[in-house]
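Okay, structure first, notes after.
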Amino acid sequence: MNWILLIIAGLFEVGFATCLGKAKHSSGSEANFWYIGFIVCLTISMLLLMKATETLPIGTAYAVWTGIGAVGTVLAGIFLFNEPVDFWRLFFISTLIISLVGLKFVSH
């Protein structure tokens, strides 16, 4: 169950990073909306991470949480902010995903 909470926490990390990107491209009340979304996603992400680390090793949980956030934020950048897609970027994101899966399998 805590692995599921950790994955959800990582997705909320993607949410707070995406909200920051959207706020950067907005102004006025629309930017405020994105900043509120940032605070909500940040809070949920941290609470879920805290809950997941009650039974998961902190090193593994933190690495997986940041990895999900990193991969998801790169994908959000590609799909939402038109960031470049090239071989090396995809290669290193793939190695990060493989590393995260490996951590899952070697954690007890």
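Model, not experiment: these values are computed from the prediction. Side chains are part of it too, since the values below use all heavy atoms of this structure and drop only hydrogens, waters and symmetry mates. Along the sequence shown, residues are numbered consecutively beginning with 1.
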Nearest heavy atoms of [X] and [Y], plus distance in Å:
| X | Y | value |
| --- | --- | --- |
| Leu103 | Ala63 | CD1-CB, 3.7 Å |
| Thr18 | Phe81 | O-CZ, 3.9 Å |
| Leu49 | Ala61 | CD1-O, 4.2 Å |
| Gly37 | Cys19 | C-SG, 3.6 Å |
| Leu100 | Val64 | CD2-CA, 3.6 Å |

Are [X] and [Y] grouped together when hydrophobic residues (ILVMFWY) are joined by side-chain heavy atoms under 4.5 angstrom apart?
| X | Y | answer |
| --- | --- | --- |
| Ile39 | Leu11 | yes |
| Ile78 | Val71 | yes |
| Met50 | Val40 | no |
| Ile44 | Tyr62 | no |
| Leu20 | Val14 | no |

How long is the straight-line distance from [atom2] of [Y] back to [atom1] of [X], given to the nearest 0.5 Å?
| X | Y | atom1 | atom2 | value |
| --- | --- | --- | --- | --- |
| Ser29 | Trp34 | OG | CH2 | 12.5 Å |
| Thr53 | Leu56 | OG1 | CG | 8.0 Å |
| Tyr35 | Lys24 | OH | NZ | 10.5 Å |

With a 4.5 Å cut-off on side-chain heavy atoms, are [Y] and [X] touching?
| X | Y | value |
| --- | --- | --- |
| Leu6 | Trp3 | yes |
| Met46 | Trp65 | yes |
| Ser45 | Phe16 | yes |
| Thr43 | Phe12 | no |
| Leu90 | Asp86 | no |

Notebook entry, point to check: CZ of Phe87: more than 12 outside heavy atoms within 6.0 angstrom?
Noted result: yes
Next item on the list: Verify side chain to side chain contact (heavy atoms under 4.5 Å, CB included) between Phe33 and Ile36, making sure each step is shown before the conclusion.
Entry: CA-CA 5 Å; Phe33 168 78; Ile36 291 168; 5.9 Å; no
Note to self: I'd like to know if the side chain of Thr73 and the backbone of Ala70 have a donor-acceptor N/O pair within less than 3.5 Å.
What the structure shows: no
Checklist line | Leu5, Ile4, Ile7 screened by side chain to side chain contact (heavy atoms under 4.5 Å, CB included) with Leu48, the one that passes | finding: Leu5
Item checked: For Asn2, all residues meeting side chain to side chain donor-acceptor pair (under 3.5 Å), sequence neighbours excluded -> Thr55
Next item on the list: Could you tell me whether Glu83 and Arg89 have a side-chain N and a carboxylate O separated by less than 4.0 Å?
Entry: yes
Margin query: Ring-plane angle category for Phe91 and Trp88, please: parallel below 30°, perpendicular beyond 60°, tilted otherwise.
Written below: perpendicular
